[in-house]
Amino acid sequence: MDFQLSDDQRALRSGMRDLLGAVFDRDRLRAAVERDGALDRSLWRELGAAGFFALRLPEEAGGVGLGLPEAVLLFEEAGRALLPGPLVATHLAAGLVKGAAEGEAVVTAVAGELPVAHLAEADAVLVVGAEPLAGEALRAFAAAARPVRSMDPLTPLHCAPADAERPPAASVRTRADAERAPVATERTPAHAGRLRFEAALLTAAEQLGSAARTTEAAVQHAGRREQFGSPVGAFQAVKHLCADMLARTEPARAAVYAAAVTGDPVEIAAAKLLADEAAVRNARDCLQIHGGMGFTWEADVHLHLKRAWLRAASWLTGAGAEELLAADLGAAGRLPRSSAAPARPVPEAGGGG
């Protein structure tokens, strides 16, 4: 099977990179930081006009009619650019919440016990396993929530009311059950497991984009910055750091792209695990390569690190992904080698783990 990107997919990725370079350059990034992450509605509408949110809606519903692999490419570019806002939730809400597909509505999500991002600016809230909150229900929800301090200056957070999400009792599904779940264009609140896994994968794609960007930034800085008459990249310790960053990014890329093709919950868990590690550790190594300058507010490295920490706690945490992988491996180990493999149990993914 050929997993190389097609010409159309490369053009899609390149087009999104060009668009974000034009509408969300470094000056706009810094402007967003200065206004404490408040969303730019005009930018949101530009993303909607470009098909970012409606990418997977069928054409007859006003969408682009593409699939999860193409969505992953766009979210990877969003991660590179540190694009703020509840991108994943609004994308998943396309077709469920009026205006989400066009970028006219901002939709955030309740994911387990985690704080809710951009609640003050949201027009609707996705509640996994229930109908989205809007109108009077949203106003009551927002009034009961309280703001909490966010590590990421681009992501304001609110602590949701304790009864905001009441997930069903813990259950065990077979891999066959997961595979029989509706395809991406049939997302509804009834298919909470599928929505959670899709959200985890799109978040992993953002982490992948951030990991790739910090790798590039580290290599560029190591080639420019000089010490003792030579670029710092000439020193063995710096070379090793840069090589390690690339060695984390590319396996994460392969895992994210493969999981987008298969849609397998276990493969999505592995992709999220690898992408989280790549994003967090690459940002830390990038910061180290930048030296004292990397710790300053004026540098962008700390923004990648803080966002990577925040995403790593979203939808499927490292601990949750490890548990899911361990359960799958344990089930595989109990199968008789001489017989065909029956459906294996796969635990439901929880919001934020």
Side-chain angles (χ1 to χ4, degrees), residues 13-14 16-40 42-44 46-47 52 73-88 117-118 149-157 202-227 231-233 238 241-246 248-249 252-253 275-314:
R13 182 175 63 180
S14 176
M16 181 53 60
R17 185 173 300 186
D18 291 343
L19 173 66
L20 293 179
V23 302
F24 195 70
D25 56 12
R26 190 177 186 277
D27 290 340
R28 293 203 182 186
L29 169 65
R30 282 294 165 172
V33 172
E34 292 302 319
R35 60 176 184 266
D36 297 324
L39 287 180
D40 181 349
S42 63
L43 172 62
W44 212 250
E46 287 193 65
L47 292 173
F52 189 95
L73 297 177
L74 297 195
F75 276 83
E76 181 183 350
E77 292 305 315
R80 282 179 59 91
L82 277 175
L83 193 62
L87 299 166
V88 171
H118 297 277
R149 185 175 180 180
S150 174
M151 69 179 75
D152 177 16
L154 289 165
T155 310
L157 298 174
L202 296 176
T203 304
E206 291 183 290
Q207 294 282 63
L208 171 61
S210 181
R213 180 69 191 99
T214 50
T215 300
E216 293 172 7
V219 171
Q220 290 168 1
H221 182 79
R224 290 194 307 260
R225 177 69 171 170
E226 291 191 358
Q227 288 288 348
V232 296
V238 177
L241 284 176
C242 292
D244 288 344
M245 293 171 75
L246 183 64
R248 284 189 288 266
T249 302
R253 184 188 308 281
D276 285 344
E277 180 186 25
V280 171
R281 293 187 62 183
N282 282 16
R284 293 176 65 179
D285 285 351
C286 182
L287 193 149
Q288 182 175 353
I289 290 171
H290 277 72
M293 191 180 91
F295 287 86
T296 64
W297 185 258
E298 289 74 17
D300 294 338
V301 184
H302 71 98
L303 297 175
H304 278 279
L305 179 58
K306 292 169 182 175
R307 185 74 67 83
W309 277 333
L310 203 62
R311 291 194 195 108
S314 299

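Put simply, the side chain of His290 gets close to the backbone of Cys286: a donor and an acceptor are under 3.5 Å apart. For Thr203 (side chain) and Arg311 (main-chain N/O), no donor-acceptor pair under 3.5 Å exists by modelled atom type. Judged by distance alone, the side chain of His304 and the main-chain N or O of Leu82 form no donor-acceptor pair under 3.5 Å.
The side chain to side chain donor-acceptor pair (under 3.5 Å) check on Arg281 picks up Glu277, with sequence neighbours excluded. In this structure, the salt bridge (charged side-chain N to carboxylate O under 4.0 Å, His left out) partners of Asp300, at least two apart in sequence or on a different chain, are Arg26, Arg30.
Between Phe52 and Leu19 there is no side-chain heavy-atom pair separated by less than 4.5 Å. Within the 4.5 Å cutoff, the side chain of Leu47 has heavy atoms near those of the Leu83 side chain. Under the 4.5 Å side-chain criterion, counting only non-hydrogen atoms from C-beta, Asp152 is not in contact with Pro84. Here the side chains of Met245 and Thr214 are in contact, with some heavy-atom distance below 4.5 Å. You'll find the side chain of Leu310 reaches within 4.5 Å of the side chain of Leu157, heavy atoms only. Counting heavy atoms from C-beta on, the side chains of Cys242 and Ile289 come closer than 4.5 Å. Looking at heavy atoms from C-beta onward, Arg28 lies in side-chain contact with Asp25 at the 4.5 angstrom threshold. A 4.5 Å side-chain heavy-atom check between Lys306 and Leu154 finds every atom pair outside the cut-off.
The number of heavy atoms from other shown groups lying within 6.0 Å of CZ (Arg13) is above 12.
The two residues Ala283 and Val301 have their closest heavy-atom pair at O-CG1, 3.6 Å. Looking at every heavy atom in both residues, Gly85 comes nearest to Leu39 through CA-CD2, 3.4 Å. For Leu87 against Ala78, the heavy-atom pair with the smallest separation is CD1-CB, 3.9 Å. Heavy atoms only, all atoms of each residue included: Gly37 and Pro156 are closest at O-CD, 4.1 Å. Taking every heavy atom of both residues into account, Ala204 and Ala275 meet most closely at O-CB, 3.4 Å.
Of the inter-residue distances, the one linking Ser314 atom OG with Asp276 atom CG reads 8.5 Å to the nearest 0.5 angstrom. To the nearest 0.5 Å, the span separating CD on Glu34 from CG on Leu29 amounts to 10.5 Å. The distance from the CG atom of Leu246 to the CG atom of Leu241 is 13.0 Å, given to the nearest 0.5 Å. Separating the CG atom in Leu73 from the OG atom in Ser14 is a distance of 11.5 Å, to the nearest 0.5 Å.
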Practice prompt. Could you please spell out the steps behind the side chain to side chain contact (heavy atoms under 4.5 Å, CB included) verdict for Trp297 and Val33?
Written response: CA-CA 10 Å; Trp297 185 258; Val33 172; 3.4 Å; yes
Worksheet item: Under the side chain to side chain contact (heavy atoms under 4.5 Å, CB included) criterion, do Arg248 and Asn282 qualify, and how do the steps go?
Response: CA-CA 8 Å; Arg248 284 189 288 266; Asn282 282 16; 2.9 Å; yes
Discussion item. Is there a side chain to side chain contact (heavy atoms under 4.5 Å, CB included) between Thr215 and Asp285? Walk through the geometry before answering.
Written reply: CA-CA 9 Å; Thr215 300; Asp285 285 351; over 6 Å; no
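Under the side chain to side chain donor-acceptor pair (under 3.5 Å) criterion, the residue pairs touching residues 73-87 are Arg17-Glu77, Glu76-Arg253, Glu76-Tyr257, Arg80-Glu216, with sequence neighbours excluded.
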